[in-house]
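Here the structure is laid out as structure tokens; the discussion comes afterwards.
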Amino acid sequence: MHRARQGVSTLSEDQGRRPTVHGSALRQCVAQGLPLPAAPINAGNAGASSEAGSSPARASRRRRPEAVIDLDLRMPSNRAPLRLRPMLAATDGAALDDARLVYEPKYDGIRALIEVAPSAVRGESPRVAIWSRNGNDKTAQFPDLVPAVAGLVARRRSALLLDGEIVALDAEGRPTSFLKLQPRIHRHRTTARESARAVRDQPVVFVAFDLLDDGDESLRGRPFTERRARLEQRLGRTRRKLVWLSECAVGDGRELHARAQRDGWEGLIAKEATSIYHNGKRSPAWQKIKLLRSQEFVVGGWTAPRQSRQHFGALIVGVRGDNADEAEVPGLTYAGHVGSGFSDAELARLAKLLGPLSVADSPFTAMPPAHETAHWVEPVLVVQVKFTEWPDGGALRHPVYLGLRDDRPARSVTREGAPAGPADPSALDPMGGIDALAERLEDLEQARRRGTLELDGVRVAVGNLDKVFWPALGVTKGELLRFYVRIAPYVLPAVADRPLVMKRFPNGIDGKSFYQHRAPSPLPDGLPALPLRESPDRPETEVPYLVGGSLATLLYMAQLAAISQDPWFSRVSAIESADLTAFDLDPGPGVRFRQVLDVACWIHDELDKIGVPSVPKTSGSSGLHIYLPLPDDTPYEAGMLLCQIVATLVASRHPKVATVERMVKRRREKTVYIDYLQNIYGKTLATAYSARASDYAGVSTPLTWREVHAGAKQKLDPRAFTIRSVMGRLERVGDLWAALRTGEKANLRAAAALTTNG
DNA sequence: GCTATTA
DNA sequence: TAATAGCAACGCTTT
DNA sequence: AAAGCG
Ligand SMILES: [Mn+2]
Ligand SMILES: [Mn+2]
């Protein structure tokens with residue numbers, strides 16, 4: 001497969017000089033109005049370059065934009081209809097003593113809607129279907145539940161649709177970790193014999209908490225409390241072996257919460273008593289109350305680092321058993337591998353402490369599971385670790401290092417709280433929505449495993465999630481992917497239908513990076529690539545591009561270590577027109593951010609005067625971007641010319657502060673470079689809501705002009721917006737970037753007239 | 001980070 | 001099967 | 001032809 005560079009050396013007639021607009025011509029333009037030229041401008045410096053990507057500014061013969069390309073992904077098949085999709089809980093916490101709420105334990109199993117209908121044929125057993133949270137048919141995985149559920153309609157012979165959770169039981173018949181269900185869920189087909197064995201070895205029950213259909217009647221429009229009453233009525237008094245009724249507490253969840261703390265549940269669900277049922281919706285009427293646990297552990301060893309990680313990969317930690325016999329210190333029981341939460345500096349500090357403690361033999365009573373080669377130490381260091389769950393007899397889930405407890409004697413460290421750790425059922429189901437997806441990624445990272453995400457019917461392979469991309473912060477690739485999962489509702493509209501350039505950092509932000517335009521081949525099945533010319537007039541420069549808009553593309557790119565999302569200023573439906581144009585404010589070395597804000601304000605003042613709308617954002621690094629929405633069919637040159645005029649004007653008024661000089665050594669010290677040269681076919685700028693490969697793991701964050709104008713006083717700091725922190729702001733201020741899509745476009749004709757007169 | 005090639 | 005090599009942008013500017 | 005620029 002040759003992919004030799006094409007058209008590198010052939011000096012076609014195309015490469016002859018074509019007229020450019022020079023500095024003098026610019027003055028002319030300004031002086032005479034703006035009959036926008038069809039050639040790139042040269043104001044002492046013109047040419048291609050970009051934050052990421054580029055392409056020539058060739059433009060004289062404008063061809064009509066190509067036909068609209070249909071980017072529809074295939075729809076997933078074999079899914080349950082909406083009426084069989086469960087209502088989901090929002091992430092947010094809720095008060096524990098809200099009289100309007102009903103509290104339930106967050107069961108540790110697999111969410112399921114179970115349909116049961118009496119057979120039309122007398123004497124035949126009722127039909128049962130078990131639907132997963134994603135609408136997949138799971139009936140075959142739980143054959144033992146079928147007769148039990150069928151029994152519910154035997155007497156009354158009318159159908160039911162139940163909502164609840166399939167929960168695994170331990171030897172004592174108590175609910176236990178969903179991990180026990182793995183063998184029954186696991187993807188690859190099992191033989192009938194194997195599945196029979198799974199059924200025998202791992203008993204399950206269905207814990208019902210809602211009733212959606214009672215006979216022919218839909219209860220979805222009824223308040224939750226009424227549905228619950230009907231459910232209790234239909235299930236009856238007798239406690240069944242395999243179909244249970246969920247516990248609940250009306251108006252006060254404190255007692256349940258205390259038990260959750262004590263018994264190590266994952267959390268509670270709070271439901272508005274009056275709320276109706278919305279199939280398939282994540283509704284704020286239902287809220288998760290999550291419990292995070294944290295306690296001390298003794299360090300008994302460490303594992304070798306992988307890849308770019310320094311010093312060690314994970315701490316192997318444990319606790320002392322109960323000290324029944326006071327005569328001796330009890331043995332150390334393994335609790336888990338703690339591999340995240342370390343900064344570079346902390347890794348180094350701990351490594352220095354661990355070195356002298358090295359011993360030959362494991363201090364643990366039983367040999368911990370070996371992920372990597374283990375090195376043992378004298379069990380004297382005590383660390384604080386937070387985690388989501390700690391199943392009895394199992395390992396910590398999602399452990400994160402919080403710090404060293406210099407103040408604690410290692411011998412006194414024992415398990416706090418009680419056993420029984422549930423987990424989130426959704427972790428099994430990669431299609432279960434944002435939270436489920438984020439949790440699945442967290443699980444995979446924790447387990448250091450590869451996995452496949454199914455996103456809108458596209459299967460995307462992910463791996464190496466524990467690789468550290470920001471060493472100074474300890475931010476991993478997994479955290480980057482989780483960030484993109486959460487910010488997807490904001491960033492996807494911003495990149496929708498736009499070709500994307502990749503800037504890849506396979507070894508983290510300190511490693512070697514490279515640009516990539518060409519979509520890899522083969523792509524995950526169902527991911528589209530769109531052939532586009534690097535240069536609009538040169539057909540031989542065509543390469544396949546990834547196009548934004550889908551979660552699958554977004555996460556696939558992040559998996560390839562494309563940290564930022566760098567879209568074109570065109571959408572594919574009009575690939576040679578710009579629908580956005582931007583100023584890129586690049587502060588020189590040592591320039592304070594407040595100076596960047598000043599320059600932005602001056603630009604805003606000018607745009608305001610000529611009635612051109614604009615939206616500012618941090619770049620996610622040290623600069624600022626200002627975007628202008630353009631009307632349909634605007635040539636790139638028109639957008640760029642407007643930016644050039646305004647940039648040049650501002651720079652000429654404030655020569656000590658701002659410049660449009662492209663050549664670094666000809667710029668004054670401590671100036672802000674107003675870069676308008678991205679506004680060219682094929683060039684890019686990191687989009688709003690994109691992560692950046694900056695030292696602080698920044699996110700390009702839209703601002704209001706009010707914030708920019710008040711910024712110096714308010715100490716506006718782009719470093720406040722990181723992949724760890726930005727979601728809070730977004731929930732407060734919403735999608736400021738949407739104004740570029742929904743608001744007025746710049747009126748270039750009017751702007752030109754005003755520019756002339758001003 | 002991924003793929004094809006090589007020992 | 002495991003280790004390794006090769007690969008992943010571009011155009012316009014100034015010197 | 002090579003280096004600088006983003
Ligand atoms: Mn910039
Ligand atoms: Mn720039």
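Quick caveat: nothing in here was measured; it's all calculated off a predicted structure. Reckoned from all heavy atoms, side chains included, excluding hydrogens, waters and symmetry mates. Chain identifiers are assigned alphabetically (A, B, ...) following the order of the sequence lines, protein sequences preceding nucleic acid strands; residue numbering begins at 1 within each chain.
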Exercise. Aromatic ring centroids of A:Tyr696 and A:Phe721 under 6.0 Å?
Worked result: no
Problem set entry | Flag for A:Asp344-A:His311: side-chain donor and acceptor within less than 3.5 Å | no
Exercise. In whole Å, what is the span from the CD atom of A:Glu661 to the C1' atom of D:dG6?
Worked result: 14 Å
Exercise. Cut-off 3.5 Å, side chains only: do A:Lys477 and A:Gln559 have a donor facing an acceptor?
Worked result: yes
Exercise. Nearest to the side chain of A:Gln516 - C:dA9, C:dT15, D:dG6?
Worked result: C:dA9
Exercise. Base, sugar-phosphate, or nothing for A:Asn464, non-hydrogen atoms under 4.0 angstrom?
Worked result: sugar-phosphate
Exercise. Counting side-chain heavy atoms from C-beta on, which of D:dG6, B:dG1, C:dT14 comes nearest to A:Arg666?
Worked result: C:dT14
Seminar exercise, completed: Rounding to 0.5 Å, atoms CG (A:Leu736) and NZ (A:Lys617) come to a distance of 12.5 Å
Exercise. Between C:dC10, D:dC5, B:dC2, which nucleotide has the shortest distance from any of its atoms to the side chain of A:Gln559?
Worked result: B:dC2
For this session: Answer yes or no: does a side-chain N or O of A:Lys477 lie under 4.0 Å from OP1 or OP2 of B:dG1?
Result: yes
For this session: Round to the nearest Å and state the distance from A:Glu542 atom CD to C:dC10 atom P.
Result: 13 Å
Exercise. Looking across every strand, which nucleic acid part, if any, lies under 4.0 Å from A:Lys512 by heavy atom: base, sugar-phosphate, or nothing?
Worked result: nothing
For this session: For nucleotides D:dC5 and C:dA9, find the distance between their C1' atoms and express it as a whole number of Å.
Result: 14 Å
Seminar exercise, completed: A:Met502 atom CE is separated from C:dC7 atom C1', nearest whole Å, by 13 Å
Exercise. Roughly how far apart, to the nearest Å, are C:dA8 and D:dG6 at atom P?
Worked result: 25 Å
Exercise. Whole Å only: how far is the CZ atom of A:Arg538 from the P atom of C:dA9?
Worked result: 15 Å
For this session: For A:Lys503 and C:dA8, give me the distance from atom NZ to atom C1', rounded to whole Å.
Result: 14 Å
Problem set entry | Nucleotide of D:dG6, B:dT3, C:dA9 approaching A:Val664 most closely (side-chain heavy atoms) | D:dG6
Exercise. Given C:dT15, B:dG1, C:dA9, which nucleotide is nearest the side-chain atoms of A:Arg518?
Worked result: C:dA9
For this session: Could you work out which one of C:dT15, D:dG6, C:dA8 sits closest to the side chain of A:Arg504?
Result: C:dA8
For this session: Tell me whether the guanidinium CZ or amine NZ of A:Arg504 lies under 6.0 angstrom from the six-membered ring centre of A:Tyr515 and within 45° of its axis.
Result: no
For this session: Starting from P on C:dC10, measure out to OH on A:Tyr545 and report it in whole angstrom.
Result: 7 Å
Problem set entry | Nucleotide B:dC2, atom C1' - distance to OH of A:Tyr556 in whole Å | 8 Å
Exercise. Tell me: CG of A:Leu560 to P of B:dG1, nearest whole Å?
Worked result: 9 Å
For this session: Choose from D:dG6, B:dG1, C:dT15 the nucleotide whose nearest atom is closest to any side-chain atom of A:Lys665.
Result: C:dT15
